[in-house]
Structures are given as C-alpha cells and as structure tokens.
Amino acid sequence: MVQKVYVTRRVPEAGLTMVSKGCDAEIWEAETPVPRDVLLEKVADVEGLYCLLTEQVDEALLDAAPRLRVVSNYAVGYNNIDVAACTARGIPVGNTPGVLTDTTADFAFALLMSAARRVTEGVTYVQDGKWVTWGPKLLLGVDVYGATLGIVGFGRIGQAVARRARGFDMRVLAYDPYSVPQGLDPDLAQLVDLDTLLAESDFVSVHVPLTAETERFVGMREFAKMKPSAILINTARGPVVDPDALLSALVEGRIAGAALDVTEPEPLPFDHPLVTLPNCIVTPHIASASVATRNKMAVIAAENLLAGLEGSRLPHCVNPEVYGPRL
Ligand code: NAD
C-alpha cells in the first residue's frame, strides 16, 4: 500500500518529485506556514512528515499523528523538533547537514563585509538621492583584512567561515568546548576561551545550534566584554542572541554594529528598532538560500523521508539511538 506523507511547503522540485513518486504526498501549497490546527489535522493518518523549521514537532503533534514513522526536516538545525519525544516513540528524525555549509559560510562572510564596509547603508544613500559628490569622510567603515574574527561554535559552518577569513589575512579565534576538530590545522584558528574571544575580536560570528544551553548565549555580559568597535554576526538561530540586550548594546554604543540573518521573533516586524537602526543589518533567514544548495537540501530531506518509510536507516539521522546500539 502507498504510504501517506505530508509536506509542509513547496520545496524545490528535485525533492518533491522523489517524494511524490515514492508515496502518496499531500503538500501545503501556500507560501506562509501551514496553520497549527490544519497541520494537526493533516498528520492524523500520515506515516511520514517532511517539514520546515516553521513547524513545531512536539508531543502534541506526535499525539495527533499515531501512524508517524519518520520526521524529515528541511534544514540542518532541528531546534523546532522535540527530538527526545520522537526518540521515545521510535521515530527517526532527519536533517540536511553538510550541503549548506559553504553556502551559509559565504553568507556569514557577506554580512561581515557588508557591516564592516557599510554596503547596505551605501545602497540606501544612493537610492535616497543623497549622493552628490565623492566625500573624504563619506560612509567610513573598518577594514576586514588583518582584523580579528572570533567564531563561536567551531563546527562545519564555523570552520568554513574560518577558511574564508584566511583569504583576508584575518587572525581567527574560535570557541567550542564540545568538539575540537581532529587534526585541526593550527593556521586555521586559535582555540580560546569565550571571554578571550569576546575581548579580542573585531568581528564575532555565531555558529552554534540552538539548544537549551545556547538560548540567549550572547547577552548583556557578553556585549560588555566585547570591544566598542566590534561587530556581531548571527547566522545561527535568532534566540541565541538576546534581542533586548543587543538593541541596548547597539543604541548605547557598547558594540559598533550587528548583522543578523536570524532574529527573534521571525519575521521581525519591518518597523522593529533592530531593522531601522543604521548600524544593524537584518536579512530574512536566507544564509542557505542558493539555488544549488536548496535543491540539494530538498533531495537529502526526500532521501531521509523515503528511507524512514521503508524502515531503513536515515542517511542523515539526528537521533541514531532509535536504532539501538550499533553491533
Ligand atoms: P555543527 O553541529 O557542525 O556545528 C555546531 C558547533 O557548535 C559544534 O562544533 C558544537 O560543538 C558547537 N557548540 C554547541 N554548543 C556550543 C556552545 N554552548 N558553545 C560553543 N560551541 C558550541 O553545525 P553546523 O552545520 O555548523 O550548523 C550550525 C547551526 O547553524 C545550525 O544548528 C543551524 O541552526 C544554523 N544554520 C543556519 C542557517 C541559516 O539559514 N541562517 C543555515 C544553516 C545552519
């Protein structure tokens, strides 16, 4: 019998075609997220769920989906999923690591460059008809080359950002108490404690997953440790940075600027002070948004879903403990 699955958004065709061929798929066609009550209704008889970070997969959803056998998230981050609850019910959860590493690192670096060299302010200046002459002091920024970059969370994306920084002759500091990469090239980064990183960095770029521990990880205390000339870049998850503390730090000049691809809440209202401040750049969570990468993510998420439906191990599983100990 063909298995039923629910897909919570129209992801790239490369993935949708695989899902539609392999099972009886219903897709939420709107561009905005499926309302929670509709989602709870739709999952009542499905065996697979292909979802986005806009959907909360929690106990209530799992209760509403008694036949569910696999959850496939179209993202590398999975803070929208109660993984422990899925594991307790024997449901494997898939994500899409690796394929978005370089695309996301490119974007983090684009934000760093834009904030340092005031690119978005320059664009607005021209669009507003203010450009009347070349000015010796017009929109002065800070140099990226030779500056110190602090990377918080030195996993796949953090290390990819460090590789980019090398081309700009930056000094790179990294903080990651959990995974010191094996065979780390000592020229790539110097591993330091968090306070050293905060005190010495001209740019601080955040690449930790959102967990109970990393929620509000960057707040008042951290801004107080940073240089007044420092720029914060967040392409990880919005709640990792305390938005009220960030706003005060920017307004009071405790740090010089910020560039955020992720915010809390998302979306941030267009008249929110973080959007309107000239020293804060906000983009709409697009760090992984290249055509090629989104296609690859759609395929990996489809592979995870189909593997789960046929009872095979997911190629990218965040809770491999559902399979029991490896023999
Ligand atoms: P990863 O697991 O390879 O790296 C995360 C690193 O953070 C790990 O090395 C881990 O040890 C470290 N870490 C965890 N807790 C920490 C803590 N308290 N302090 C310091 N380091 C800590 O993951 P990745 O593929 O590099 O992705 C990182 C995150 O980036 C994802 O979880 C996701 O939320 C986010 N992301 C965002 C976008 C976007 O569109 N803006 C795109 C891709 C990924």
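Starting from 1, each residue takes its place in the sequence as its number. Both counts, for ligands and for their atoms, begin at 1 and track the order of listing. The structure displayed is predicted, hence computed values, not measured ones.
- Proximity to His285 (heavy-atom distance under 4.0 Å) selects the following atoms of ligand 1: 39 (C), 40 (O), 41 (N).
- A side-chain contact (heavy atoms from CB on, under 4.5 Å) with His285 holds for exactly one of Leu260, Thr235, Val262; it is Val262.
- Between Tyr175 and Phe217, the ring-plane angle classifies as parallel under the 30° and 60° cut-offs.
- Among the atoms of Ile157, some N or O lies under 3.5 angstrom from an N or O of ligand 1.
- Residue Phe107 does not touch ligand 1, judged by heavy-atom distances below 4.0 Å.
- Heavy atoms of Thr101 come nearer than 4.0 angstrom to ligand 1 in no pair at all.
- At least one heavy atom of Ser288 sits closer than 4.0 Å to an atom of ligand 1.
- Minimum interatomic distance between Ala115 and Ala259 (heavy atoms only, all atoms of both residues): CB-CB, 4.3 Å.
- For atom 35 (C) of ligand 1, the closest non-hydrogen atom on the protein side is Ala236 O, 3.5 Å.
- The residue among Ile286, Asp176, Val240 with a heavy atom at the shortest distance from atom 10 (C) of ligand 1 is Asp176.
- Put simply, the side chain of Thr293 reaches to within 4.5 Å of the side chain of Met297, judged on heavy atoms.
- Between Asp58 and Arg36 there is a salt bridge, since at least one side-chain N of the basic residue sits less than 4.0 Å from a carboxylate O of the acidic one.
- Residue Tyr78 places no heavy atom under 4.0 Å from ligand 1.
- With salt bridges taken as basic N to acidic carboxylate O contacts below 4.0 Å, none links Asp244 and Arg216.
- Near Phe217, meaning under 4.0 Å from one of its heavy atoms, ligand 1 places the atoms 18 (N), 19 (N).
- Surrounding CZ of Arg117 are at most 12 heavy atoms belonging to other residues, nucleotides or ligands under 6.0 Å away.
- For the pair Asn79 and ligand 1, the shortest N or O to N or O distance does not fall below 3.5 Å.
- Of all atoms in ligand 1, listed by their number and element, those nearer than 4.0 Å to a heavy atom of Glu213 are 18 (N).
- In this model, no donor atom of one side chain and acceptor atom of the other lie less than 3.5 Å apart for Glu55 and Tyr6.
- Selection from Pro209, Ala212, Gly153, Pro177 by nearest heavy atom to atom 19 (N) of ligand 1 gives Pro177.
- For atom 17 (C) of ligand 1, the closest non-hydrogen atom of the protein is Tyr178 CE1, 3.8 Å.
- Against a heavy-atom cut-off of under 4.0 Å, Phe154 is close to the following atoms of ligand 1: 9 (O).
- Put simply, Val218 and Leu173 are part of the same group of oily side chains (I, L, V, M, F, W, Y) that touch within less than 4.5 Å, one to the next.
- Ranking protein heavy atoms by distance to atom 42 (C) of ligand 1, first place goes to Thr104 OG1, 3.4 Å.
- The protein heavy-atom contact nearest to atom 31 (C) of ligand 1 is Val76 CG1, 4.0 Å.
- The heavy atom nearest to atom 29 (C) of ligand 1, considering only Asn80, Thr235, Val208, Thr103, is found in Val208.
- Taking 4.0 Å as the cut-off between side-chain N and carboxylate O, Asp202 and Arg171 do not count as a salt-bridged pair.
- Both the backbone and the side chain of Arg156 come within 4.0 Å of ligand 1, counting heavy atoms alone.
- A salt bridge is absent between Arg67 and Asp45; no separation between the charged side-chain nitrogens and carboxylate oxygens falls under 4.0 Å.
- Side chains of Pro209 and Arg237 form no contact here, defined as non-hydrogen atoms less than 4.5 Å apart.
- Annotation for ligand 1: atoms under 4.0 Å from non-hydrogen atoms of Asp261 are 39 (C), 40 (O), 41 (N).
- Of the candidates Gln159, Met297, His207, Arg237, it is Arg237 that places a heavy atom closest to atom 34 (O) of ligand 1.
- Summary of contacts: the protein heavy atom closest to atom 4 (O) of ligand 1 is Gly155 CA, 3.3 Å.
- Within a 6.0 Å sphere centred on CD of Glu252, other residues, nucleotides and ligands contribute more than 12 heavy atoms.
- Set against the non-hydrogen atoms of Val262, the atoms of ligand 1 under 4.0 Å away are 41 (N).
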